[in-house]
Amino acid sequence: MTRPSDTVSAAATAPAASDFIRDIVAADVAAGKYERIVTRFPPEPNGYLHIGHAKSICLNFGIAREHGGQCNLRLDDTNPAKEDVEYVDSIQADVNWLIEGWADDRLGLKPKGKTPEAVPWRGRPDFHLAAVMPGAREAGTAPRADLEPFYASDYFDQLHEYAVRLIRNGKAYVCDLTPEQVDQTRGAPDRPGQDSPFRSRSVSENLDLFARMRAGEFPDGTRTLRARIDMASPNVWLRDPVLYRIRHVTHHHTGDRWCLYPMYDFAHCLSDYLEGITHSVCTLEFEVHRPLYDWILENLDLPRPRPRQFEFARLSLGYTVMSKRKLLQLVHERLVRGWDDPRLPTLSGLRRRGVTAAAIRHFCAAIGVTKFNSLTDVAVLEHAIREDLNRRALRRLAVLRPLRVVILNYPAGQVEQLDAVNNPEDPSAGRRRIPFGRELYIEQDDFMETPPPKYFRLRPGGEVRLKYAYIIRCDEVVRDAAGAPVELRCTADLDSKTGGATAGRKVKGTLHWVSAAQALDGEVRLYDRLFTVPEPDAAGDFQQHLNPHSLQVRTAKLEPSLGDADPRMRYQFERLGYFALDPDSQPGRPVFNRTITLRDTWAKEAARG
RNA sequence: UGCCCGAUGGUGUAACGGUAGCACAGCAGACUCUGGAUCUGUUUGUCAUGGUUCAAAUCCAUGUCGGGCAGCCA
């Protein structure tokens, strides 16, 4: 069986990517700094992955791929109040889908239930948790049931131990200030903060208090563990940041074992360290956290080489929103049909829409990686999608807005099976037969009574070719009460069929069509951009800019072969666009999503007037 | 107005002191039984001002503009 992802993978080889992060990695490799390059993709399971995450996945897995290294999938789950297993499941599915056949052999997972082990390093005590490589499924088989992603929450024991070590060294203290008081004493960016009155507690008191925090003696928000750094630092993240907070909440992965949870800054750098990450790549907003990342690692006196953090600009795409909060809002307020709504930039939405993983990967390669906050034109994504689909899609005939055509000189009841090419870009896709009869449907747009200049479709008295069939002439227009055309009566040049005597006659326009008698009705969902403005989240309420016409549903006339369309295949409805079968399809009633229209130079011409 | 980061055509990027290139978009044309695809050609750019240098998009200084940072979120 040929899967869509197999069809063109060879032809779709991406150019060798290069960017400032890859340059750093390459220099480190050249300097022999690491035995093996290890990156990681660390989403928090509090939402679905979107195309912005794809940029990070492609970068991290790409680096691993280019250096024969690995990329660990890690759930950064240190805040149980916002997280859920629904998200950990969707994240795994989306990552597997995106990297399949490309970097799945670079995916680092771990044995289910396994936590870091005490592994001495050069005689010094240390913790480590190695990945199983490759952690991906073998081609065509189910995911390995004995493996799972890494979880930051699997490191809670070691993290706790590191925290105790910091306390012992006088580098951390238990602070009894309320959140409001911490806020007031933090100072401002241009004004130093004040030391907490608990800053100079004795080591033994800190140890005792921290133990009791863990034991659940104190309610939420009453105490924190803070790093002792510098309340006057110009970098506010160095002003005795909170390392641990009390949360009496059940965690989706660790259950009720903990009521004390580490903050991102404490957990992240150490998770990287425990997994042996060499290059920890994140987005620009973490740049100011880097000194803290380094501080924690340095002050723990860890034996192995430390990971280093690098930051790049996150993706912004025109006419959509990317923030988790806004996506969550769209889903929860039912402004879209779910996380996998084909109008969303989520990976599950793009997948349902019919976009392939290869197209997304090529898009990510095309946009590059820099530290500049840019707004990427959707046209770049659209180009990547068309380029990919043009090569793999099977061509089919379908009519979205039917107009009846009767061929007066064609015998009633006669049916011909015409030979049609499945994919002119790929001869191996083969051919098929499509029925032709006296009564047909063509697209309403393909007929105009008084057409503008340069219109070369059907008009009264005009000629046009029906793809794979005959040249027809429009003799008569039948109208409804309102005067709108409801049927065209035409005459065919019966020698003009492909291969026939007059087949070579030059006729400017070629139309797609479907034979009325054999046509299959199918639901077609036509999508347009979700927002009407390029930057919906620039200012004010982004919901004001929702495009009311982002989804149009209609019943189309389909050529009969579409009755057994395959959800894994991609289709081009000729002259219309690319379509993919939706899971809502029922036997005998297919539902197609329009992934994207074809480039339409006539629309541009027509719009010019 | 403290600290950090950034700025190359319309958009996104490359050039690592030595000819400003690529992609997308645009425009013009060829071809076409998809106004698709393909092919050809083409318009448009180094934020500013100084400095270093034989030579600066690149190094330095100042300025301008943009982004980030004051969660017990990540």
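Chain letters run A, B, ... following the sequence lines, proteins first and then strands; every chain starts at 1.
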So if I take every side-chain heavy atom of A:Val380 and compare against B:C5, B:A14, B:C24, which nucleotide ends up nearest?
B:C24
Using a 4.0 Å heavy-atom cut-off across all strands, classify A:Tyr264 as base, sugar-phosphate, or nothing.
base
Could you give the distance from CZ (A:Phe573) to CZ (A:Arg594), rounded to the nearest 0.5 Å?
11.0 Å
In terms of the angle between their ring planes, are A:His253 and A:His251 parallel, tilted or perpendicular, with boundaries placed at 30° and 60°?
perpendicular
Tell me which nucleotide among B:A7, B:A25, B:A14 gets nearest to the side chain of A:Asp19.
B:A14
A:Ile91 side chain near A:Glu44 side chain, heavy-atom distance below 4.5 Å:
no
In whole Å, measure the gap between the P atoms of B:U34 and B:U43 for me.
31 Å
Any Lys/Arg nitrogen of A:Arg432 or A:Glu559 sitting under 4.0 Å from an Asp/Glu carboxylate oxygen of the other?
yes
With respect to the phosphate group of B:A74, does any side-chain polar atom (N or O) of A:Arg245 fall under 4.0 Å of OP1 or OP2?
yes
By side-chain contact (heavy atoms from CB on, under 4.5 Å) - contacts of A:Ala556 (at least two apart)
A:Leu400, A:Val524, A:Leu558
By the Watson-Crick or G-U definition, both distances under 3.5 Å, B:C3 is matched with B:G68
Would you please indicate yes or no on a ring centroid separation below 6.0 angstrom for A:Trp513 and A:Phe436?
yes
Any strand counts, and the cut-off is 3.5 Å on both contacts for Watson-Crick or G-U wobble. Which nucleotide pairs with B:U32?
none
Polar side-chain contact A:His362-B:A23 base: donor and acceptor under 3.5 Å:
no
Hey, is the side chain of A:Thr376 poking within less than 4.0 Å of OP1 or OP2 on B:G12, counting only N and O atoms?
no
For B:G71, measure the glycosidic angle (O4'-C1'-N9-C4 for a purine, O4'-C1'-N1-C2 for a pyrimidine) and name it syn if it falls within 90° of 0, otherwise anti.
syn
Can you tell me how far C1' in B:U52 sits from the matching atom in B:C59, rounded to whole Å?
8 Å
Between B:G45 and B:C4 - C1' atom distance, rounded Å
28 Å
Has A:Arg186 got a side-chain N or O lying under 4.0 Å from the OP1 or OP2 atom of B:G71?
yes
Kindly point out which of B:G2, B:C24, B:A74 is positioned nearest to the side chain of A:Asp190?
B:G2
Under 4.0 Å protein heavy-atom contacts per nucleotide of nucleotides 30-42 of chain B, with B for base, S for backbone only and - for none
---BBBBS-----
For A:Ile471, report the nucleic acid contact type (base, sugar-phosphate, nothing); a contact means any heavy atom under 4.0 Å.
nothing
With a 3.5 angstrom cut-off on both distances, give the Watson-Crick or G-U wobble partner of B:A14, or none if there isn't one.
none
On a whole-Å scale, what distance lies between the C1' atoms belonging to B:G17 and B:C60?
13 Å
Looking at every strand, decide which applies to A:Asp23 at a 4.0 Å heavy-atom threshold: base, sugar-phosphate, or nothing.
base
Could you check A:Arg505, A:Lys506, A:Arg473, A:Arg457 and say which one makes a salt bridge (charged side-chain N to carboxylate O under 4.0 Å, His left out) with A:Glu463?
A:Arg505
What is the nucleic acid contact for A:His512, judged by heavy atoms within less than 4.0 Å: base, sugar-phosphate only, or nothing?
nothing
Base-pairing mate for B:U19 - Watson-Crick or G-U, with both contacts under 3.5 Å:
none
To the nearest Å, how far apart are A:Asp265 CG and B:A70 P?
11 Å
When we call it a touch if two heavy atoms are under 4.0 Å apart, what does A:Val288 touch: a base, just sugar-phosphate, or nothing?
base
What does B:A48 pair with, Watson-Crick or G-U, if both distances are under 3.5 Å?
B:U62
Within the 4.0 Å heavy-atom criterion, would you say A:His268 contacts the bases, only the backbone, or no part of the nucleic acid?
nothing
Mind checking the P distance from B:G6 to B:A56? Whole angstroms is fine.
23 Å
Starting the side chain at C-beta, find the nucleotide from B:C5, B:C24, B:C3 nearest to A:Pro234.
B:C3
Any idea which of B:A70, B:G67, B:A25 is nearest the A:His383 side chain?
B:A25
What's the closest nucleotide to the A:Ile367 side chain, out of B:G12, B:C72, B:A74?
B:G12
Could you walk me through whether A:Phe312 and A:Thr283 pass the side chain to side chain contact (heavy atoms under 4.5 Å, CB included) test, one step at a time?
CA-CA 5 Å; A:Phe312 70 97; A:Thr283 43; 4.1 Å; yes
Under 4.0 Å, counting only non-hydrogen atoms across every strand here, what does A:Leu177 touch: a base, just sugar-phosphate, or nothing?
base
Just to be sure I understand the rule, does A:Arg290 reach a base, reach only the sugar-phosphate, or reach nothing, if contact means heavy atoms closer than 4.0 Å?
nothing
When you compare B:U58 with B:G9, how far apart are their P atoms, in angstrom units rounded to a whole number?
14 Å
Using the C1' atom on both, measure B:G66 against B:G51 and round to a whole Å.
26 Å
Find the partner of B:U42: check Watson-Crick (N1-N3 plus N6-O4 or O6-N4) and G-U wobble (N1-O2, O6-N3) distances, both under 3.5 Å, and reply none if neither fits.
B:G26
Whole-Å C1' distance, B:G10 and B:A74:
35 Å
Test A:Tyr244 against every option in A:Trp258, A:Phe218, A:Tyr264, A:Phe210 by the ring-ring contact (aromatic ring centres under 6.0 Å, His included) rule and name the one that passes.
A:Phe210
Side chain of A:Asp183: nearest nucleotide among B:A70, B:A25, B:A14?
B:A70
